[in-house]
Amino acid sequence: MNIRTYNRLNALALAACLATIGCTGGPSEEEKNALIPPGEYTVLEGDGLSHLAVRAYGDMDLWYALLNANPQLGTRPGFELIPGETITIPAKADADMSLPKSIFPKQLPADYIVMPGDSLHFIAQGCYGDRELWEKIYNANREVLSEKVKEDTRQLIAGQVLKIPAK
């Protein structure tokens, strides 16, 4: 064994030891980019659903399959992952590739987390029972919505938090 290999093995052993006792400065680049097999996965610092979808399925656009498998994430702004929490990574063949279900608040006013495929019309229907009240939601969120959304109510950002005023 040459000295370079020896030093590399020692560095890996030290990193593993430090990680075991919680003294690491974060995951290595190797850990952050390794392929993820189906099953339980412990979230690392800096993980996001798109990045995990690339590592699990080779396609960042399949992040919503991870959201479907972990519905608790749908209640968090930006579908935030918390380092150290465990999430489920389904096998690609078993993954629910449909758009995640919207979760409408039961009482208003409330915050609402935009889901993939949502539009202001759809949110107004789900919250008020009337698609035509979408401008009420737009006006309550002017500071976070672009003018493009007024022209095309489907131009929302999944994971964004909107204020839903009382009817």
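Note that the coordinates shown come from a computational prediction; the quantities given were computed from them, not determined experimentally. As a basis for the values below, the full set of heavy atoms in this structure was taken, side chains included, without hydrogen atoms, waters or symmetry mates.
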Between Ile123 and Leu156, does a side chain to side chain contact (heavy atoms under 4.5 Å, CB included) hold up when you go through it step by step? CA-CA 11 Å; Ile123 296 169; Leu156 298 172; 3.8 Å; yes
Closest non-hydrogen contact found for Phe79 with Val114 is CZ-O, 3.4 Å
Taking all heavy atoms of Glu80 and all of Glu85, pick out the closest pair and write down the distance. O-OE2, 4.2 Å
Ser119 side, atom OG; Arg154 side, atom CZ - distance, nearest 0.5 Å: 7.5 Å
Is there a path of hydrophobic side-chain contacts, each under 4.5 Å between heavy atoms of I/L/V/M/F/W/Y residues, joining Val161 to Leu120? yes
With rounding to the nearest 0.5 angstrom, report the CD1 to CG distance, Ile164 to Asn141. 6.5 Å
Heavy-atom closest contact (Pro116 atom, Leu67 atom, distance): CD-CD2, 4.5 Å
Decide if the gap between the ring center of Phe122 and the ring center of Trp134 is smaller than 6.0 angstrom. no
Spacing of NZ belonging to Lys148 relative to OG1 belonging to Thr153, to within rounding of 0.5 Å: 15.0 Å
For Gln125, all residues meeting side chain to side chain donor-acceptor pair (under 3.5 Å), sequence neighbours excluded: none
Using modelled atom types and a 3.5 Å cut-off, is there a donor and acceptor pairing between side-chain atoms of Asp94 and backbone atoms of Pro90? no
Would you say Arg76 and Ile82 make side-chain contact, with heavy atoms under 4.5 Å? yes
Residues 101-109 side chain polar contacts: donor-acceptor under 3.5 Å, at least two apart:
from: Ser102; atom 1: OG; to: Tyr112; atom 2: OH; distance (Å): 3.3
from: Ser102; atom 1: OG; to: Asp118; atom 2: OD1; distance (Å): 2.7

Scanning both residues in full, the closest heavy-atom pair of Ala91 with Tyr57 reads C-CE2, 4.2 Å
Taking everything shown except Arg142 itself, do over 12 heavy atoms lie less than 6.0 Å from its CZ? yes
With a 4.5 Å limit on heavy-atom distance, are the side chains of Leu44 and Leu81 in contact? no
Side chain of Asp96, backbone of Asn68: donor and acceptor closer than 3.5 Å? no
Result for side-chain contact (heavy atoms from CB on, under 4.5 Å) between Leu162 and one of Asp111, Ile157, Val144 points to Val144
Do you know which two heavy atoms are closest between Ala166 and Lys136, and how far apart they sit? O-CE, 2.9 Å
Out of curiosity, does Val54 fall in the hydrophobic cluster containing Leu52 (side-chain heavy atoms, cut-off under 4.5 Å, transitive links)? no
Show me the donor-acceptor pairs, under 3.5 Å and distance only, between side chains in residues 34-43 and residues at least two apart or in other chains.
from: Glu40; atom 1: OE2; to: Thr88; atom 2: OG1; distance (Å): 3.4
from: Tyr41; atom 1: OH; to: Asp47; atom 2: OD2; distance (Å): 2.6
from: Tyr41; atom 1: OH; to: Arg55; atom 2: NH1; distance (Å): 3.1

Criterion side chain to side chain contact (heavy atoms under 4.5 Å, CB included) on Ile87 and Leu66, from CA distance to verdict: CA-CA 9 Å; Ile87 63 170; Leu66 298 175; 5.6 Å; no
Can you name the closest pair of heavy atoms from Ala65 and Met97 and give their distance? CB-SD, 3.7 Å
